[in-house]
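Inspection log for the structure reproduced underneath, given as structure tokens.
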Amino acid sequence: MTAPIPPNETTRLEALHRYDILDTEPEEQLNDIALLASRICDTPISAISLIDADRQWFKATVGLAASETPREIAFCAHAILHTEVMVVEDARADQRFASNPFVTGAPEVRFYAGAPLITPSGHALGTLCVIDAKPRTLSQEQQEALRALSRQVVAQFELRRSLAEARRTVKQLERAEERLRLLGSAVEQAYEGILITDADLDQPGPRIVFANTAYTKMTGYSAEECLGKTPRILQGPATDRSVLRRLRENLSAGESFAGEVINYRKDGREFFLEWQVAPIRDAAGKITHFVAAQRDITPRKQAEAELMESREALRVLNAELESRVERRTAALHAATLDAEEANRAKSEFLSRTSHELRTPMNAILGFAQVLELDETLGAEPQESVQQILGAGHHLLKLIEEVLDISSAESGALPLAVEPVSLPALLVEVLNLARPAATSLQISLNEAPPLSCACGEVLADRQRLKQVLLNLLSNAIKYNRPGGSVRLACAAAGTTGLPMWRCAVEDTGPGIPREKLGRLFTPFDRLGAERSRLEVTGTGLGLALTKRMVELMGGRIGVESVPGEGSTFWVELPMAQEHRASTRVE
Ligand code: ADP
């Protein structure tokens with residue numbers, strides 16, 4: 001008959017498994033107890049049996065080869081229901097076991113006595129049992145001994161478990177120790193200074209219980225010197241008091257703190273710290289310590305200060321530069337005004353002087369002309385009169401040109417711009433120039449547009465005449481005997497304003513390329529190397545010509561091939577109503 005399941009089966013099985021003994025190797029102490037049981041009870045078989053969910057497993061056996069049997073045929077499954085020793089004197093006569101296969105077959109059990117293995121928590125895990133193949137009884141002493149031995153078995157189980165727990169604790173401790181060693185070495189090796197203090201916030205404040213190497217290097221204090229001191233003694237007076245107040249407030253409230261403070265090293269040198277302080281709590285959440293990590297930020301602070309200084313220096317320099325530029329600009333402005341004033345005064349002076357010179361010069365020339373007509377004069381005085389006339393005319397021309405150029409420069413040259421018919425003007429200036437061209441050929445291109453008189457420019461007639469005469473007289477003056485001068489006119493200005501271009505071509509010596517740029521500068525007569533063709537001149541003609549052309553809204557230019565001749569050209573805007581694309585040559 002199968003044994004009933006104990007009422008506390010679930011917790012009983014949990015208790016059994018907590019001992020962690022099932023399927024373990026045999027153990028000497030337990031084997032000995034089994035042996036003692038068999039000897040004391042004088043039975044050939046004894047066992048320490050543990051009742052698992054569906055089997056009985058033997059931890060120790062004497063005279064029994066099996067290691068486990070099914071629970072439903074186990075005598076011990078019945079014995080664990082009792083608190084005292086269960087004795088079956090003759091199994092065949094006991095209806096619970098009469099048909100049990102261990103009774104009807106090998107090992108033909110007839111006698112069984114089992115003392116339950118009851119733990120301190122009251123769970124019967126199994127039995128210490130003795131078995132015989134013949135019916136018999138167990139004396140009171142034997143039963144007591146069996147009971148005592150069963151308690152020893154449980155004590156062994158307890159010992160085993162405590163040992164296993166102790167081993168586990170040792171392992172945990174070893175692991176904790178290893179972690180501590182690693183942490184300790186990490187803290188020691190840390191680049192940041194690490195400080196641990198107790199959590200006493202009362203005066204004079206928390207005391208240092210640990211300082212790592214970086215901290216001692218940073219401060220110059222040895223670990224021994226730091227221990228027991230409060231970190232406050234290191235804080236310099238330069239630290240902002242509000243930072244310290246915040247530190248205290250945060251720590252009192254159990255919060256962490258981060259900020260910058262100034263400290264002094266042992267040698268008195270000041271240094272800047274970036275500080276992070278956090279509370280350390282025990283398992284119950286109570287603050288037991290504070291840990292502070294601090295980094296020396298002195299180099300960064302110095303760099304920042306230098307940067308500020310450089311910025312300030314740069315700002316001052318910039319301000320200085322700006323004020324200098326302002327002063328220079330003002331001076332320049334004043335100088336420009338002065339120069340303009342000086343230029344205006346010069347032009348006024350020149351214009352006045354020229355006026356003053358012109359009147360007596362006209363008188364001198366008038367008197368010389370009267371003398372020239374006097375036939376009573378001898379040859380010698382007549383020659384002197386001619387020289388007076390020549391020099392006088394030259395001087396008068398110079399005076400007039402100086403007057404014109406100064407008027408042009410001061411913007412006071414009077415101009416009457418109007419449509420001027422080119423054909424008539426060209427014929428007129430050519431006729432005026434012709435007498436001077438005694439040994440030259442002088443020509444005008446008689447193209448159809450000129451003869452039909454449709455070419456008109458916008459210009460001051462007198463000034464345009466003066467311009468063309470200047471160019472023609474230069475072309476005649478700076479020419480070789482037997483050379484030629486040609487006056488030509490054509491439409492120009494294909495882009496922008498339509499223009500008439502009048503060009504004076506000569507077969508003179510030409511002008512070196514490098515001197516072309518100076519041609520229109522006042523008083524430049526291109527040097528003494530041209531002495532072979534030395535002729536009278538003022539060096540003002542082209543400068544004045546250029547200004548007049550520009551005042552009339554035109555352009556002037558020159559092309560020249562040394563040894564072959566030069567072409568001076570003038571372009572002036574076509575008169576509106578007569579603009580034409582017709583070419584005139
Ligand atoms: P001037 O003729 O009174 O010296 P210009 O201003 O008219 O002054 O001319 C400046 C200089 O340019 C002249 O002295 C001369 O050397 C040179 N020059 C002007 N026209 C010609 C020309 N057609 N051929 C060669 N050289 C010239």
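Throughout, numbering of the chain's residues begins at 1 and tracks the sequence. No hydrogens, no waters, no symmetry mates; every other heavy atom, side chains included, goes into these values. Model, not experiment: these values are computed from the prediction. Counting starts at 1 for both ligands and their atoms, in listed order.
- Under the 6.0 Å distance and 45° angle rule, Arg265 counts as a cation-pi partner of Phe271.
- The two residues Tyr191 and Ala214 come nearest to each other via the heavy atoms O-CB, 3.6 Å.
- Side-chain contact check for Asn479 and Thr507: at least one donor-acceptor pair (N or O, by modelled atom type) lies under 3.5 Å.
- Taking each of Val485, Leu516, Asn474 in turn, the one with a heavy atom nearest to atom 19 (C) of ligand 1 proves to be Asn474.
- Of the N or O atoms in Gly541, one or more lie within a sub-3.5 Å distance of an N or O in ligand 1.
- The ligand atoms of ligand 1 that sit less than 4.0 angstrom from a heavy atom of Lys477 are 1 (P), 2 (O), 3 (O).
- Contacts between Ile511 and ligand 1 below 4.0 angstrom, taking non-hydrogen atoms only, involve the side chain exclusively.
- Using modelled atom types and a 3.5 Å distance limit, the side chains of Ser323 and Arg327 yield a donor-acceptor pair.
- Near Asp506, meaning under 4.0 Å from any of its heavy atoms, are these atoms of ligand 1: 22 (C), 23 (N), 24 (N).
- Residue contacts with ligand 1: Leu542 is placed with a nitrogen or oxygen under 3.5 Å of a nitrogen or oxygen of the ligand (distance criterion only).
- The closest approach between a heavy atom of Phe568 and any atom of ligand 1 is below 4.0 Å.
- Salt bridge Arg352/Glu356: absent, no basic N to carboxylate O contact under 4.0 Å.
- Ion pairing between a basic and an acidic side chain is recognised when a charged N comes within 4.0 Å of a carboxylate O; Arg300 and Glu260 show such pairing.
- Distances from atom 12 (O) of ligand 1 to the heavy atoms of Val504, Leu519, Leu540 put Leu519 nearest.
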